[in-house]
Amino acid sequence: MRLSSNRHTWPEGVGRTVLPSVDSTMSEAARVAASSAFPQWIMALSQTGAHGRRGRPWSMPEGNFAATLLMFPTEPPALVALRSFVASLALYDAFVAVTGRADPFALKWPNDVLLNGGKVAGILLERGASHLAIGIGINLVEVPGADQVEAGATPPVSLAHETGALIAPEEFLDHLAPSFAYWESQFTTYGFGPVREAWLARAARLGTEIRARTMRETHHGIFETVDAFGNLVLDTRAGKLTIPAAEVYF
Ligand SMILES: O=C(O)CCCC[C@@H]1SC[C@@H]2NC(=O)N[C@@H]21
């Protein structure tokens, strides 16, 4: 089995739209989904009302990457949610292809990509009645201002600043879409197993002490693994904890 994708051809049957400006590519995906049933990447060069996870605003300085993959998966909801791992691996491979380096990149549970320990990309999954929207924001050239970053959050970094790589968003999408198609085919053919293994091989802070903040409490423990359902498994003083959703702090 290949462990990473290196193809560079746009996936067959997947559409591509590049908008000069939009409120949010997530909102655009929801609008498009009402009258369409085929997968497509919706990219915007500027967003006026972008949002991140937990409804947080997502700032998008010019030159950064913003796109949403609109797709129509048919699996049960719990499996659909595992697409965040597919997207993380696709991002990782695209970064490696663009920079020629794997060592500075790592994946942070549940769905961020780190570069030299800082957050370079975030992923947001939203589901509609029949569609899944996978939103991806990447700090290609700029980072959000300090006032936009939550206290204690992983500090944002940009690809350009950390690696010197300068790439236009449209060109990055030409790497990302084939990478996503590769990991998507692994997922739909073999299930979560190979995706989980590949994700764990690239995981940040595996085996080390981390903090996971859920809606109700904060848990401290050793990041033991991600289970077969995508949950974070923490080894705490009180025993093993399986956490489906949380913010992780290092
Ligand atoms: O880390 C996060 O909180 C996820 C950030 C996701 C941001 C992207 S940018 C493209 C798409 N459009 C949005 O409004 N949000 C996502």
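Numbering of ligands and ligand atoms starts at 1, following listing order. The model shown is predicted, which means the values in this text are computed figures rather than measured ones.
- Summarising the contacts of atom 2 (C) of ligand 1 with R54, K119, E126, the nearest heavy atom is found in K119.
- Note: F172 and F95 meet the aromatic proximity criterion, with ring centroids under 6.0 Å apart.
- Those atoms of ligand 1 that come under 4.0 Å of a heavy atom in A67, given as number and element, are 10 (C).
- Of all atoms in ligand 1, numbered sequentially from 1 with element shown, those under 4.0 Å from a heavy atom of T25 are 10 (C), 11 (C), 12 (N).
- Put simply, the side chain of D227 gets close to the backbone of N231: a donor and an acceptor are under 3.5 Å apart.
- Within the 3.5 Å criterion, the main-chain N or O of Y182 finds a donor-acceptor partner in the side chain of S185.
- Atom OG1 of T68 and atom CD1 of I123 lie 11.5 Å apart (nearest 0.5 Å).
- Taking only nitrogen or oxygen atoms, main chain and side chain alike, Q47 reaches within less than 3.5 Å of ligand 1.
- Looking only at heavy atoms of the protein, atom 16 (C) of ligand 1 is closest to H51 O, 3.9 Å.
- In this comparison of S24, G49, P156, the heavy atom closest to atom 14 (O) of ligand 1 sits on S24.
- The distance from ligand 1 to the heavy atoms of D112 drops below 4.0 Å at these ligand atoms: 1 (O).
- Here the heavy atom of the protein found nearest to atom 3 (O) of ligand 1 is R53 N, 2.7 Å.
- Going from atom CG of L159 over to atom CG of N64 covers 10.0 Å, rounded to the nearest 0.5 Å.
- Inclusion of W58 in the set of residues having an N or O under 3.5 Å from an N or O of ligand 1 is not warranted.
- Taking CD of E170 as the start and CG of L45 as the end, the distance is 5.0 Å to the nearest 0.5 Å.
- The I123 neighbourhood of ligand 1 comprises atoms 4 (C), with distances under 4.0 Å to a heavy atom of that residue.
- Taking the centre and axis of the six-membered ring of Y92, the NZ or CZ atom of R202 falls inside the cone set by 45° and 6.0 Å.
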